[in-house]
Amino acid sequence: MKKRTLKKEITILMMLASACTLISACAAVFYVFFSFFLEKTQEDIEYVLKNTSQQYQSHMQFIEDGAVSIRHNAMLDAFFEGDKYEEPSIASQLSYSMELFSSRNMVDRQLPFVTSIYLFNNKDNCIYEHYYASTLASEKEQENHYKNLQKQFKESGSQYSCILEEKSINLLFRIYDDDMREKGICIAEINKEATRMILKEAASYEESAWIVVFGEDVIASYGEDDYIGQLKDLETVWSGKRILPATKVIGCASTCSFGIRTIIAVGERNVFSILMPTALTFGIGLIIVLAITFVVAFSASYRFTKPVTRMIESIQAFGKQDFDVRMEDSSIQEFHDIGIVFNEMTDRIKYLIMQVYEKQLLAAKAQMKYLQAQINPHFQFNILAMLSLKAKMAGNEEVYEGLQAFSKLIQGKIFRKREIKIKVSEELEIVRFYLYLQKGRYQDKISYEIILEDENINRDMIPRLLIEPLVENAVSHGLEPKRGKGTVKIYLFEKEDFLERKTDGKTGNGKSMDGNGQVMLHICIEDDGVGFDMEKRGSGDVDKNEWGEETDHTQTALENTKRMLRILYEGRHEFKISGGKGKGTKIEIVLPVERGENYVEDNGGR
């Protein structure tokens, strides 16, 4: 069967990718088109809000124009001067100046913006005009009410003032002549409902609010209190977008006559609400395009990645030690060749594991077993003799404790041979039993100290009988021959070091530095005994008397320890000996930190 090439498959995939790119370009065009509508809709909202604000300004301008007309109406001068005047003719002049019944005063041809106008001269005389007819009693009551407002305003000295009532806003302002001398006071009663009708266009939007402000006081508003407070704190005049603590808004703020300003704002989300139908249409089209793209991409991806997925599954199974896994054949030539190579490789690796690795592992375990079995038991018999002598002389608690320690020591050294690695705490327990017995043997001649930098070191894993034989050497060949008292010190600490690998298996030659630091366990056994000559030891010319009568045993113990470390850690350890004749001896072992369960050897492994 003729295999298709990877090149052909990639060509097909590239064609599909080109089609997807074309579709993406169309989507980009749609996005640009949509962005244009977004900006345009925002401008439309700003226009509506500004137009609404201008409508309110035009009605306030109506009041200002009326005030100017009153100021320049010569027929009203007699009223302002307090001379004799005919009230009906003066009232008609007031009506003529303010034009309450003109179209400029109407809101949507339904409601008057100014419902009443009151004019006072400096002698507190009053004339007025109403849009709505009322009874004489009602007119008298209102006249008294507005006279009180006029007196309060007159005493305040302010140029303008706004007083809120249930259904109206009373705008109070002073009338001046050409020389800016006060002629009188005018009060315009503004209909609250008319104000709401003018600004109702803004209220039709979501998250909308409008405010009419006089100085720092809100005289009319619509919207939530927090929203209104945030808008009020913005600058006096502005338009466009603004960012509030809880939302973004579009709006405008402008000033009117008599110190009044308006603020109108709506939530930015209104832009999206208006564009929602258009966006929905584009969205449906985009979903259809994306669906087509997804189907095409999925088909292409499935076709190309199916054999790769099978390869990955086979490699993962092989990584889980399934050495019988085989890669399926593929119709693509390159994948077919990879499968053949993989299958041959798994056969070869399986053979190597079965024929080489397992044999080496068995040999290493046998060698470890042999090395650990070489620990010299001569000390045990000396202690037995000493304990037997004490037992004959007198039975006491000290003998009992000595026998207990010795039995634990024997248990740790002999009856745990199947354990390759144990916890530091268990190894130090064996060391303490040994030192306890030696201290009982030599009394004050020997003292010892065991120091752990961190209690967590107790959980680190080390080879069984790694420390105890070295402590035994320190006592037997360092402190026993010494005249006078001696001390052995064991201290352990963890430190992050650069790992040195020994490439030729020999100390000091062919070291290569691993670039990554690793936390290492440092084990130090130090004594202040008789020591030895480092130069003679390095050349192998050491007198037996320097380390006592059992120098051969000592050398064997040290070499066996080194061999055990090389087998277990290969090049990932260090074994250092330092000291000098008469200066004591220090042995430092550096191992990678390991924590876990005891490494126990049984018939089938660990």
Exercise. Look at the side chain of Thr195 and the backbone N and O of Asn191, then say whether any donor-acceptor pair between them is shorter than 3.5 Å.
Key: yes
Exercise. Could you tell me whether the side chain of Ser53 and the main chain of Leu49 form a donor-acceptor pair under 3.5 Å?
Key: no
Quiz item: Phe113 vs His59 aromatic rings, parallel, tilted or perpendicular, using cut-offs 30° and 60°?
Solution: tilted
Quiz prompt | Shortest non-hydrogen separation from Tyr176 to Lys183 and the atoms involved | solution = C-CD, 3.5 Å
Quiz prompt | salt bridge (charged side-chain N to carboxylate O under 4.0 Å, His left out) evaluation trace for Lys576 with Glu574 | solution = CA-CA 6 Å; Lys576 305 174 185 177; Glu574 291 185 9; 3.1 Å; yes
Quiz item: Ring centroid separation for Tyr118 and His130, is it under 6.0 angstrom?
Solution: yes
Self-check item: Lys NZ or Arg CZ of Lys489 over Tyr491 ring: under 6.0 Å, within 45°
Solution: yes
Quiz item: Atom CD1 in Ile117, atom OH in Tyr131: separation rounded to 0.5 Å?
Solution: 15.5 Å
Exercise. To the nearest 0.5 Å, tell me how far Gln159 CD sits from Arg174 CZ.
Key: 8.5 Å
Quiz item: Looking at Leu492 and Ile457, what are the two nearest heavy atoms and their distance?
Solution: O-CD1, 3.6 Å
Self-check item: Gln57 versus Ser254, closest heavy-atom pair with distance
Solution: NE2-OG, 2.6 Å
Quiz item: Nearest 0.5 Å, what's the OG-CZ distance between Ser221 and Arg196?
Solution: 9.0 Å
Quiz prompt | Ser156 side chain vs Phe153 backbone, donor-acceptor pair below 3.5 Å | solution = yes
Quiz item: Between Phe173 and Tyr160, does the ring centroid distance fall short of 6.0 Å?
Solution: no
Self-check item: Any donor-acceptor N/O pair, Ser168 side chain to Glu189 backbone, under 3.5 Å
Solution: no
Self-check item: His573 and Tyr569 aromatic ring geometry - parallel, tilted or perpendicular at 30°/60° bounds
Solution: tilted
Practice problem: Would you give the length of the straight line joining atom CD1 of Ile211 to atom CD1 of Ile264, rounded to the nearest 0.5 angstrom? | Solution: 10.0 Å
Practice problem: Look only at the side chain of Thr247 and the backbone of Ile243, and say whether a donor-acceptor pair between them is shorter than 3.5 Å. | Solution: no
Practice problem: Would you verify whether the NZ or CZ of Arg261 falls within 45 degrees of the ring axis of Phe214 while also being under 6.0 Å from that six-membered ring's centre? | Solution: no
Quiz item: What closest approach, in Å, do Glu143 and Tyr128 show between heavy atoms, and which atom pair accounts for it?
Solution: OE1-CE2, 3.7 Å
Show me the side-chain donor-acceptor pairs of residues 223-230 shorter than 3.5 Å, one per line, residues at least two apart or across chains.
unit_1, atom_1, unit_2, atom_2, d
Tyr227, OH, Glu207, O, 2.9

Quiz item: Do His145 and Glu165 get their side chains close enough for a donor-acceptor pair, meaning under 3.5 Å?
Solution: yes
Quiz item: Using the ring of each side chain (for Trp, its six-membered ring), is Tyr222 parallel, tilted or perpendicular to Trp210, with breaks at 30° and 60°?
Solution: parallel
Self-check item: Short side-chain to backbone donor-acceptor contact, Thr135 and Ser138, under 3.5 Å
Solution: yes
Quiz item: Do Ser116 and Val114 have side-chain heavy atoms sitting under 4.5 Å apart?
Solution: no
Quiz item: Which pair of heavy atoms, one from Cys162 and one from Ile260, lies closest together, and at what distance?
Solution: SG-CD1, 4.0 Å
Quiz item: Are the side chains of Val107 and Gln55 in touch, meaning some heavy atoms are under 4.5 Å apart?
Solution: no
Quiz item: Under 3.5 Å, is there a donor-acceptor pair between the side chain of Asn270 and the main chain of Gly267?
Solution: yes
